[in-house]
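To start, the structure itself, in structure tokens.
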2 protein chains.
Amino acid sequence: MSRNNAGLSAGRIITEALKIIDGRGLSGLTMRRLGDALQVEAMAIYHHFPLGKDQLYAAIVEHITDTTRPVDGDAPAAGAAEEEAAPRDEEPGDDRPWQERLRSWAEEYRARLLRHSGALPLIVHRKPDSASALRSLEAHYAAFEEAGLDRDAIARAAAALDAYVTGAVIHQVRAEGRPGPAPASLDARHPHLAELGDPAPDYDAWFLDGLEALLAGLRLRFG
Amino acid sequence: MSRNNAGLSAGRIITEALKIIDGRGLSGLTMRRLGDALQVEAMAIYHHFPLGKDQLYAAIVEHITDTTRPVDGDAPAAGAAEEEAAPRDEEPGDDRPWQERLRSWAEEYRARLLRHSGALPLIVHRKPDSASALRSLEAHYAAFEEAGLDRDAIARAAAALDAYVTGAVIHQVRAEGRPGPAPASLDARHPHLAELGDPAPDYDAWFLDGLEALLAGLRLRFG
DNA sequence: GCCATCGCCTTTACAAAGTAAGTTTAAGAT
DNA sequence: ATCTTAAACTTACTTTGTAAAGGCGATGGC
């Protein structure tokens with residue numbers, strides 16, 4: 001096993017790639033570095049992702065956004081069969097009320113994006129047409145139908161929900177990002193900003209608050 | 001003028017860079033190509049952006065997100081003094097009702113992001129701490145204060161609004177993005193999706209609907 | 001008028017990145 | 001034993017960002 005057959009697999013590659021992205025940023029993910037982390041020559045990766053780095057990117061996005069799979073800090077407790085884990089979260093026949101289902105999805109999806117915020121730029125231009133993405137969307141449609149929305153409203157509501165969650169993550173990531181080259185000062189021209197100050201915003205609470213407001217607004221407007 | 005002094009400027013560079021991004025995608029923007037478009041050697045750009053490509057990226061983001069400046073399809077009608085244009089949009093003392101001001105901002109901001117959607121990945125990790133960004137935020141705070149929200153609610157509401165607008169753009173861009181490697185089919189496991197079909201969603205209308213719902217929800221929850 | 005200086009652009013050069021092409025090795029199948 | 005094939009290695013080429021230094025024209029002081 002010293003030379004070839006180093007036990008590489010798509011899963012291991014994706015996991016290691018995410019570690020690199022989390023630690024050194026998206027631009028820190030290079031094929032050679034990824035190879036080093038996997039104790040393998042860079043070109044070996046192309047055997048598992050023949051279409052190149054873009055295919056790897058796509059797989060990373062799918063890995064992050066697939067709320068069906070368990071989160072990745074979850075090395076199964078050694079020896080367990082890995083492929084058929086316990087029935088995932090709210091999947092089989094989730095009979096909780098629709099609001100709770102949507103809230104639950106929103107929180108998990110947000111957590112996943114935040115956990116790997118370095119990979120967010122990859123998500124922007126990728127079509128969510130994987131099986132898991134469609135399954136999520138279907139679940140949202142079902143929830144909003146149960147809420148009493150009609151055909152047209154369902155699609156709008158689901159779009160608004162997805163927009164809010166993704167946007168909230170980006171809002172937070174931007175706010176926590178590194179300062180620009182010329183950060184403007186809070187002079188007298190920004191009375192409200194200066195007044196409120198910045199007592200370390202509680203983004204978790206903000207997110208939930210905004211989510212409730214959105215759901216309430218959607219029901220009120222479309223219900 | 002053949003050799004040096006080719007009439008380069010930060011503004012021209014940014015404009016041309018955006019054209020390239022719009023036409024060939026973010027990865028299509030290379031220093032050499034940008035130089036070619038500007039009829040200049042690539043290294044000349046570094047005279048105006050000494051910190052390199054990242055500084056150019058920051059300038060592009062600022063250019064796109066600064067709702068103070070006019071949009072860029074706006075070559076002034078030849079000969080006009082360019083630096084002090086007509087007082088911009090809702091700036092001086094906008095006395096319209098707060099909802100209208102926020103709606104107006106949301107529509108313009110969204111239009112700007114959509115116009116240069118290729119640059120969206122650049123926005124994700126940049127802190128909105130420029131003068132124009134703070135001015136926008138200040139305006140939103142003032143609007144929500146006028147709406148009767150208290151201190152804490154104002155910040156939450158402004159964050160939710162920004163999240164929704166950014167997220168809605170990304171939602172649309174993702175949906176219109178190129179298909180993934182293995183687009184899942186809409187089989188019987190997605191009854192709602194199959195039923196509704198895809199009659200070319202009217203994202204403009206969806207956006208406004210969701211925006212109204214969010215504003216209503218915010219007022220209802222925080223007012 | 002002359003020369004120094006400075007702003008703006010070019011030239012040259014290099015290291016790092018993605019990846020195409022071909023080769024090697026180990027393990028099964030016939 | 002020989003053939004096949006999957007998996008990883010080796011080599012090499014192209015493109016990219018950018019460091020370093022040089023050239024050229026305008027400008028201001030004498």
Side-chain angles (χ1 to χ4, degrees), chain A residues 1-61 83 118-119 121-122 125-126 178 181, chain B residues 1-61 83 118-119 121-122 125-126 178 181:
Chain A
M1 197 217 261
S2 67
R3 179 71 171 288
N4 63 7
N5 201 25
L8 216 50
S9 74
R12 256 182 25 92
I13 293 173
I14 293 172
T15 302
E16 212 65 39
L18 268 178
K19 275 193 213 159
I20 295 177
I21 290 177
D22 293 343
R24 332 202 6 158
L26 187 55
S27 63
L29 176 65
T30 70
M31 300 304 269
R32 285 175 235 264
R33 219 197 304 274
L34 182 52
D36 285 355
L38 292 162
Q39 313 238 45
V40 136
E41 290 305 310
M43 291 306 292
I45 299 164
Y46 286 82
H47 192 84
H48 299 267
F49 295 93
L51 277 54
K53 205 178 186 184
D54 193 69
Q55 188 183 11
L56 174 59
Y57 282 156
I60 289 172
V61 169
E83 288 313 321
L122 299 181
H125 289 288
R126 290 193 191 263
R178 61 162 184 273
Chain B
M1 197 219 261
S2 65
R3 180 68 172 287
N4 61 9
N5 203 26
L8 216 51
S9 74
R12 254 179 31 88
I13 293 173
I14 293 172
T15 302
E16 212 64 39
L18 268 178
K19 276 193 214 158
I20 295 177
I21 290 177
D22 294 343
R24 331 205 3 161
L26 187 55
S27 63
L29 177 66
T30 70
M31 301 304 269
R32 282 174 238 265
R33 220 198 304 275
L34 182 53
D36 285 354
L38 292 162
Q39 313 239 45
V40 136
E41 290 304 311
M43 290 306 293
I45 298 164
Y46 287 83
H47 191 84
H48 299 267
F49 294 94
L51 277 52
K53 205 178 186 183
D54 194 69
Q55 188 183 10
L56 174 60
Y57 282 156
I60 289 172
V61 169
E83 287 313 321
L122 299 181
H125 289 289
R126 297 209 179 251
R178 62 163 183 272

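Reminder, nothing fancy here: chain letters follow the sequence lines and each chain counts from 1.
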Practice prompt. Send over the distance from A:Met31 CE to D:dA8 P, rounded to a whole Å.
Written response: 13 Å

Worksheet item: How close or far is atom C1' of D:dA7 from atom CD of A:Gln39, stated in whole angstroms?
Response: 16 Å

Worksheet item: Starting at CE of B:Met43 and ending at P of C:dC14, how long is that distance when rounded to a whole Å?
Response: 15 Å

Worksheet item: With a non-hydrogen cut-off below 4.0 angstrom, is A:Ile45 in contact with a base, only sugar-phosphate, or nothing?
Response: nothing

Worksheet item: For A:Ile20 and A:Gly28, which heavy atoms make the closest approach, and how far apart are they?
Response: CG2-O, 3.5 Å

Response to the item:
Value for NE2 (A:His47) from CG (A:Leu8), rounded to nearest 0.5 Å, stands at 9.5 Å

Worksheet, complete the sentence: In whole angstroms, the gap separating C1' of C:dA17 from CG of A:Leu29 amounts to 12 Å

Worksheet entry | Atom pair distance, as rounded to whole Å: CG in B:Asp36 and C1' in D:dG17 | 15 Å

Worksheet entry | Closest non-hydrogen atom pair between A:Leu38 and A:Glu16, with its separation | CD2-CB, 3.8 Å

Worksheet item: Per the end-axis method with five pairs at each terminus, what is the bend angle of the helix from C:dG1-D:dC30 to C:dT30-D:dA1, to 10°?
Response: 10°

Worksheet entry | Atom-to-atom span, CD of A:Glu41 to C1' of D:dA12 - whole angstrom | 14 Å

Practice prompt. Determine the minimum heavy-atom distance between A:Ala59 and A:Phe49, stating which atoms define it.
Written response: CB-CE2, 3.7 Å

Worksheet item: Within this structure, what is the CG-to-P distance between B:Leu38 and C:dC8, rounded to whole angstrom?
Response: 15 Å

Worksheet item: To the nearest 0.5 Å, what is the distance between OH (A:Tyr57) and CG (A:Leu29)?
Response: 5.5 Å

Worksheet item: Heavy atom of residues 46-58 of chain B under 4.0 Å from DNA chain C: which residues?
Response: B:His47, B:His48

Item to complete: Measure across B:Arg126 and B:Val61 and return the closest heavy-atom pair with its distance rounded to 0.1 Å.
Response: CD-CG2, 3.9 Å

Worksheet item: Tell me: CD1 of A:Ile13 to C1' of D:dA7, nearest whole Å?
Response: 11 Å

Worksheet item: What's the closest nucleotide to the B:Arg32 side chain, out of D:dT18, C:dA17, C:dC9?
Response: D:dT18

Discussion item. Tell me whether A:Arg12 contacts the main-chain N or O of A:Gly7 through its side chain, where contact means a donor paired with an acceptor under 3.5 Å.
Written reply: yes

Discussion item. Could you measure the distance from the CD1 atom of A:Ile13 to the CG atom of A:Leu56? Nearest 0.5 Å is fine.
Written reply: 7.5 Å

Fill in: B:Glu41 side, atom CD; B:Arg32 side, atom CZ - distance, nearest 0.5 Å
9.5 Å

